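Everything below concerns the one structure shown next.
Count residues from 1 along the sequence. A quick note: this is a predicted structure, and the numbers were derived from the prediction, not measured.
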Amino acid sequence: MQMMSRNVLLNMELEEDDDEDGDIGDVPDSRRPFLAPHSLLPSGLVLENFDQTIVCSTFGPLENEQDFRTPEFEEFNGKPDSLYFTDGQRRIDFVLVYEDETKKETNKKGTNEKQRRKRQAYESNLICHGLQLEATRSVSDDKLVFVKVHAPWEVLCTYAEIMHIKLPLKPNDLKTRSPFHTLNWFTKVLSVNESVIKPEQEFFTAPFEKSRMNDFYIQDRDSFFNPATRSRIVYFILSRVKYQVMNNVNKFGINRLVSSGIYKAAFPLHDCRFNYESEDPNCPSERYLLYREWAHPRSIYKKQPLDLIRKYYGEKIGIYFAWLGYYTQMLLLAAVVGVACFLYGYFSQDNCSWSKEVCDPDIGGQILMCPQCDKLCPFWRLNVTCESSKKLCIFDSFGTLVFAVFMGVWVTLFLEFWKRRQAELEYEWDTVELQQEEQARPEYEAQCNHVVINEITQEEERIPFTACGKCIRVTLCASAVFFWILLIIASVIGIIVYRLSVFIVFSATLPTNPNGTDPIQKYLTPQMATSITASIISFIIIMILNTIYERVAIMITNFELPRTQTDYENSLTMKMFLFQFVNYYSSCFYIAFFKGKFVGYPGDPVYWLGKYRNEECDPGGCLLELTTQLTIIMGGKAIWNNIQEVLLPWVMNLIGRYQRVSGSENITPRWEQDYHLQPMGKLGLFYEYLEMIIQFGFVTLFVASFPLAPLLALVNNILEIRVDAWKLTTQYRRMVPEKARDIGAWQPIMQGIAILAVVTNAMIIAFTSDMIPRLVYYWSFSIPPYGDHSTYTMDGYINNTLSVFNITDFKNADKENPYIGLGNYTLCRYRDFRNPPGHPQEYKHNIYYWHVIAAKLAFIIVMEHIIYSVKFFISYAIPDVSKITKSKIKREKYLTQKLLHESHLKDLTKNMGLIAERMGEVVDNSVRPKLE
């Protein structure tokens, strides 16, 4: 790293921009990002000596250790809520934690010495870059040392300019009026108490420039940079300061030091305890306010304090909770419509004529159904499925069609209105023109060993692998993902084999003769028992594979080596979502679109693996089984995730408290209390998004079979918001605030799900439910020439839609039939549309089948085109940015430019006046001697 001279350091001037991409990791000297040291003392000597002493991989004795600048050691002053150094003046912006090498129990002298020298060099370079450090030993564990970091005013100003941080110019005097101002009396009940959480003052902002410091709204230097901004700046510096040079390659950054164990943790401080206000009158106690008005169960009905969340945790977390809250609000409408459709089906089930025929002893009780498996399955009466047919009437009704069309429109409205809301947040949170050069990941920089010529600059640059190496990595990563997807498909096949084999057992053990006095036999049919047990086992396998694949996906993405954190998250997002899509939805797709579709007929059944006869749907179809599958997976996933999110961090923190020597928070400093909380990983927010997107898929993709899915999602999300808030405020360390304009790659994923949802719901109604066959029967086959009724009716639907099979046509008819017990019958019925025995084309598909197929295809085409047309019209009619927001953005930009221009003119006029005065004095001085 090129160092600056002492004179430049004294003047605190920064002569060049941070144009290089870099982050924590190993980077060649030529690729090191520029950082200007800000110490008032000579720093070049320290770094020069450090380069000389650690240039080799084997460390020798530290001859120039006296040149290292180490932090001052101070005793804890007994103020547990203090956020300042011992002097009470300098604010703690970051905390580094390490274990004293001299007091480690397993003291490997060589390793500990290397770690100590790296840490000392790193801390010395931090001081050379202007940061101020103070060290304090732990009050509960003498081996732990906490290094508190403070950024002085000059350092904050310098790096605010480098990072293009937008800061206040003047108060925003634009008047904003809510479009729902007439409902203020109602919304006030749901809003947070403004006397407790005061609204943030709005400002016109602009990227900070030291040369224009007088133009910015600086009333108090201590409050001009809020704690979140201070932490961002300090983390920016911590991520770019080097600590070692090996083979002309710099090693730098706090994350690498933490991962290698040199530091145990690095984090910004919470401002107080979550359940008590700070005793410091200067502390705003924002953590306590967030817990009280956001995370506490009594605030479950209130709106989220998004501005305070953004101020405390940063825009990236703020935009997540804004999206989750908006998604939950939109689910309220979908849940209301879904419950209405469910109630319609529930109260109209008594008018379900085809269910009455199934339950009628003279109709369903007289229909003998063919065995659904070989060897052990007996003949059975259709009225055995009476209860399941009644339940099916609730979900397989006209309300299902209405709800499926509604959800196709709802998902478009949600996505379009979210874009508008997101644009409003971009304006309110100053991320419209977010100027942030994304830095390269440390793992990427560490592997930059190949030198190539940049085609644009014609200069040498380092890359981690050649084009051939990149192709090999991509091929291996794609093969690994494909292998795991095949593994999921294999597990689905295993579940199918389980269903086929266990159905035989249930058919042989469960009673088949209807008896209303036996509740088990009444509700637990072989089909229902098979469906429930298979769904539970499927859910368990899903969760196990999910846990394993999370680690595998991270390993694959690490091997792929994306350049930036955004590239990394996008790559991991696609891998994880593709896997989760197949993992969670494969069993649902099987039940919806494959089960019972390729079974043949009793005389020529289709076999899986040449052994297991393919399973059939109930006479009413597979819709009820799909509903059961969705209920178990969606409900079980929600319960499991919430229990895991609550219990895991709570138990870990509880164990940590018991392991501490001193457990009293009254004498424990703020930094030590935060250290014993759980760390929030970089991908913590990624998993929260993934959980919600999977739920979004359940709500949209299969909602035609389960109209109560939005209601379950609504209840889950109301709890999810508060559980996530509780985790962040009480169980986790404070995250480094990050900027974000939107929800990233999740937006196009939701758009893809929305497009696919139209197809899946149309196909569920067409191929999984019996709505189309019933409509075809009602309009075409209940009246002549195909039917015997004089008017349109559903009477006789069951009898006319079950095909007939001659028992003597079984392939194993030469063997003694063991299933004699329901009467001496020669014919049985099965679910299909085929010609009866004795017909010229016996057991071939009949005219009813072709009418139904044509109607199904026509329905899919018509429904898709109608919904897609409505979606396109809605997307076109609703702009992504509202007219009001556009006007605000233009107005603020105009006023900001005008303010800066006027200020520049004032300075220019003032300077011109000074120049004119000086020129006048020069002219006077030159003319006066001549006159004399």
Name all pairs fulfilling the salt bridge (Lys or Arg N to Asp or Glu O under 4.0 Å) condition that reach into residues 314-329, sequence neighbours left out, sorted by first residue then second. R310-E315, E315-K739, K316-E569, K316-E738
For P268, what residues pass the side chain to side chain contact (heavy atoms under 4.5 Å, CB included) criterion, not counting sequence neighbours? F94, S231, R734, V736
For the pair S138 and D141, evaluate side-chain hydrogen bond (donor to acceptor under 3.5 Å, both in side chains) and give the outcome as yes or no after the intermediate values. CA-CA 5 Å; S138 169; D141 186 355; over 6 Å; no
Against the six-membered ring of Y98, is R119 placed for a cation-pi contact (under 6.0 Å from the centre, within 45° of the normal)? yes
Measuring from atom [atom1] of [X] to atom [atom2] of [Y], what distance do you get when rounded to the nearest 0.5 angstrom?
X	Y	atom1	atom2	result
L714	Q329	CG	CD	10.5 Å
L131	L126	CG	CG	5.5 Å
S239	R256	OG	CZ	13.5 Å
E672	L269	CD	CG	12.0 Å
D81	C272	CG	SG	7.0 Å
K143	E99	NZ	CD	6.0 Å

For Y732, check ring pair (Phe, Tyr, Trp, His ring centres under 6.0 Å) against everything at least two apart and list the hits. none
Checking Y584 now: which residues fulfil ring pair (Phe, Tyr, Trp, His ring centres under 6.0 Å) with it, not counting sequence neighbours? none
State, to 0.1 Å, how close [X] and [Y] come at their nearest heavy-atom pair, and which atoms those are.
X	Y	result
I693	I749	CG2-CG2, 3.9 Å
P71	L133	CB-CB, 3.4 Å
I309	F321	CG2-CD1, 4.4 Å
A265	V258	C-CG2, 4.3 Å
G318	L306	O-CD2, 4.3 Å
R91	P227	NH2-CG, 3.4 Å

Would you say the side chains of [X] and [Y] form a donor-acceptor pair under 3.5 Å?
X	Y	answer
H150	Y84	no
T229	N226	yes
R733	Q678	no
N558	Y568	yes

Note, [X] side chain near [Y] side chain (heavy atom, < 4.5 Å):
X	Y	value
D742	Q747	no
R670	R273	yes
T730	W650	no
W671	F76	yes
Q695	Y327	yes
L167	I165	yes
L324	D724	yes
L425	T431	no

Which pairs count as side-chain hydrogen bond (donor to acceptor under 3.5 Å, both in side chains) when at least one residue sits in residues 683-694, sequence neighbours excluded? E688-K727
Run the salt-bridge test on R137 and D100 with the 4.0 Å N-O cut-off and return the result as yes or no. yes
Apply the test salt bridge (Lys or Arg N to Asp or Glu O under 4.0 Å) to residues R287 and D271: give CA-CA distance (whole Å), side-chain angles for both, the deciding distance (0.1 Å), then the verdict. CA-CA 6 Å; R287 184 190 185 193; D271 63 354; over 6 Å; no
Does L728 offer a backbone N or O that forms a donor-acceptor pair with the side chain of Y313 under 3.5 Å? yes
Hey, can you pull the donor-acceptor pairs under 3.5 Å for the side chains in residues 288-295, sequence neighbours left out?
| unit_1 | atom_1 | unit_2 | atom_2 | d |
| --- | --- | --- | --- | --- |
| E293 | OE1 | K302 | NZ | 3.3 |
| W294 | NE1 | Q304 | OE1 | 3.1 |

